[in-house]
**Q** 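To start, I am sharing the structure in question, which I have written as structure tokens.
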Amino acid sequence: MAEQTMMNRAERTAEHVAHLRRSPVEHLAGEMKSASVSGERGVSLREVPFLTMVGIRVTPGTPAAEAVTEVLGVGLPAACGEVTGDTSEAAVVWLGPDEFLAVTGDEVAPVPGLDTRSERDPGALPTLATHPLAQKLAAVFVEGGPAGQAVDLSANRTTLELSGPSARAVLEKGCHVDLHPRSFTPGRAVSTLLGPVPVLLWQTEDLTYRIMPRASFADYTVRWLLDAMVEYSGEEVA
């Protein structure tokens, strides 16, 4: 009974925390919406907040990697630019030979083993992450398990979604990556610069890109993109 009471309290705390969250560019939602352009030169920008992001360090082909893929439900990408999975469930982005970023939807859960009356040192817990995926991945590597690391990076970045016929042209104003379809297609993601800002750029559909800057650069990134979108609200100049 006492255990169930503590679990209910932890669940209520997690729900309360989720309600209090504010995304990095929530204050710019109105500007993004009003800047949307429809038609043949259309382009729109929105934030996809609070996605779960877990940084993973593991060597592909090892038992640890197999345990990670079992938790994720998708395999690890094998080369630079590759993404496994998709935005509807879980996706894994290649960041380096043994470094990956798992991305999935928003979900909050109590931290196992942590409650307000616990005498256990929080630093002794596998993770303080409130995301179930991060908790499961961290559990793979604890207590003398296989070598590797899983870190909750959900608050490290936010996700901006740029879509429409002019989306690629907007990005090409400040991105050095060749975004032509012959080189960059849906299911590709790279670390690059957008203007002066380091971002993770991921093409999810033919006319849709996800731009993932660090939270502290998110405001600037949105304003940069809004400025780059302005010309598409008028007629094309021959």
**Q** Taking Ala78's backbone N and O only, do any of them form a donor-acceptor pair with Glu82's side chain (distance below 3.5 Å, no angle check)?
**A** yes
**Q** Report yes if some heavy atom in the side chain of Ile211 is under 4.5 Å from a heavy atom in the side chain of Leu171; otherwise report no.
**A** yes
**Q** If you apply the rule side-chain contact (heavy atoms from CB on, under 4.5 Å), what do you find for Arg22 with His27, and how did you get there?
**A** CA-CA 9 Å; Arg22 296 292 180 270; His27 59 289; over 6 Å; no
**Q** Does Thr69 reach the main-chain N or O of Val74 with its side chain, forming a donor-acceptor pair under 3.5 Å?
**A** no
**Q** Answer yes when Arg223 and Asp227 have at least one side-chain N-carboxylate O distance shorter than 4.0 Å, and no when they do not.
**A** no
**Q** With distance as the sole test, does Lys173 use its side chain to make a donor-acceptor pair with the main-chain N or O of Ala228 at under 3.5 Å?
**A** yes
**Q** Are Leu101 and Val71 linked, directly or through intermediate hydrophobic residues, by side-chain heavy-atom contacts shorter than 4.5 Å (ILVMFWY only)?
**A** no
**Q** Using a 3.5 Å distance criterion without hydrogens, assess whether the side chain of Thr59 forms a donor-acceptor pair with backbone atoms of Thr62.
**A** no
**Q** So how far is it from Ser166 OG to Tyr232 OH, rounded to the nearest 0.5 Å?
**A** 5.5 Å
**Q** With a 4.5 Å limit on heavy-atom distance, are the side chains of Thr87 and Trp202 in contact?
**A** yes
**Q** Please assess Val37 against Ser233 for the test side-chain contact (heavy atoms from CB on, under 4.5 Å), listing each intermediate value before the final yes or no.
**A** CA-CA 6 Å; Val37 179; Ser233 61; 3.9 Å; yes
**Q** I'd like to know if the side chain of Gln203 and the backbone of Asp206 have a donor-acceptor N/O pair within less than 3.5 Å.
**A** yes
**Q** Can you tell me which residue among Val92, Val54, Thr84, Thr104 is in a side chain to side chain contact (heavy atoms under 4.5 Å, CB included) with Leu72?
**A** Val92
**Q** Taking all non-hydrogen atoms of both residues into account, name the closest pair between Pro49 and Ser23 and its distance.
**A** CB-CB, 3.7 Å
**Q** Is the backbone N or O of Phe217 less than 3.5 Å from a side-chain atom of Thr221, with the two atoms forming a donor-acceptor pair by type?
**A** yes
**Q** Is the shortest side-chain heavy-atom distance between Leu201 and Leu194 below 4.5 Å?
**A** no
**Q** Considering all heavy atoms of both residues, which atom of Val58 and which atom of Pro60 are nearest to each other, and what is their separation?
**A** O-CD, 3.4 Å
**Q** If I compare all heavy atoms of Pro24 with all of Glu47, which pair ends up nearest, and what's the gap?
**A** CD-OE2, 3.5 Å
**Q** I'd like to know if Leu133 and Val151 are part of one continuous hydrophobic network [Ile/Leu/Val/Met/Phe/Trp/Tyr, side-chain heavy atoms within less than 4.5 Å].
**A** no
**Q** Nearest 0.5 Å, please: how far is CG in Leu51 from OG in Ser154?
**A** 8.5 Å
**Q** Tell me, do Asn156 and Arg214 make a side-chain contact under 4.5 Å, heavy atoms counted?
**A** yes
**Q** Looking at side-chain heavy atoms only, is the closest gap between Leu76 and Phe100 below 4.5 Å?
**A** yes
**Q** When you group the ILVMFWY residues by side-chain heavy-atom contacts below 4.5 Å and let the links chain together, are Val190 and Leu179 in the same group?
**A** yes
**Q** Pro165 and Glu40: which non-hydrogen atoms are nearest, and at how many Å?
**A** CB-O, 3.2 Å
**Q** Can you tell which of Asp106, Thr158, Thr159 makes a side chain to side chain contact (heavy atoms under 4.5 Å, CB included) with Phe50?
**A** Asp106
**Q** Are the side chains of Val43 and Ser36 in touch, meaning some heavy atoms are under 4.5 Å apart?
**A** no
**Q** Just verifying a value: how many Å separate Arg168 CZ and Thr208 OG1, rounded to the nearest 0.5 Å?
**A** 13.5 Å
**Q** Are Trp94 and Val68 connected in a single hydrophobic cluster, I mean Ile/Leu/Val/Met/Phe/Trp/Tyr linked by side-chain heavy atoms less than 4.5 Å apart?
**A** yes
**Q** Output, in order, the C-alpha distance, side-chain angles, deciding distance and verdict of side-chain contact (heavy atoms from CB on, under 4.5 Å) for Val222 and Glu31.
**A** CA-CA 9 Å; Val222 168; Glu31 292 184 46; over 6 Å; no
**Q** I'd like to check Arg46 versus Leu160 (side-chain heavy atoms, cut-off strictly below 4.5 Å). Are they in contact?
**A** no
**Q** Using modelled atom types only, decide if a donor and an acceptor are shared between the side chain of Thr185 and the backbone of Pro181 within a distance under 3.5 Å.
**A** no
**Q** Do the side chains of Leu226 and Val170 join up, straight or via other hydrophobic residues, at under 4.5 Å, putting them in one cluster?
**A** yes
**Q** Hey, is the main chain of Glu231 close enough, under 3.5 Å, to the side chain of Arg41 for a donor-acceptor pair?
**A** yes
**Q** What closest approach, in Å, do Ala147 and Ala64 show between heavy atoms, and which atom pair accounts for it?
**A** O-CB, 3.7 Å
**Q** How long is the span from the CE atom in Met229 to the CE atom in Met32, to the nearest 0.5 Å?
**A** 9.5 Å
**Q** Measure the spacing between CG of Leu162 and OG of Ser44 and express it to the nearest 0.5 Å.
**A** 7.0 Å
**Q** For the residue pair Thr204 and Tyr209, establish whether any side-chain heavy-atom pair is separated by less than 4.5 Å.
**A** no
**Q** Identify the two heavy atoms, one from Val199 and one from Arg157, that lie closest to each other, and give their separation to 0.1 Å.
**A** C-NH1, 4.4 Å
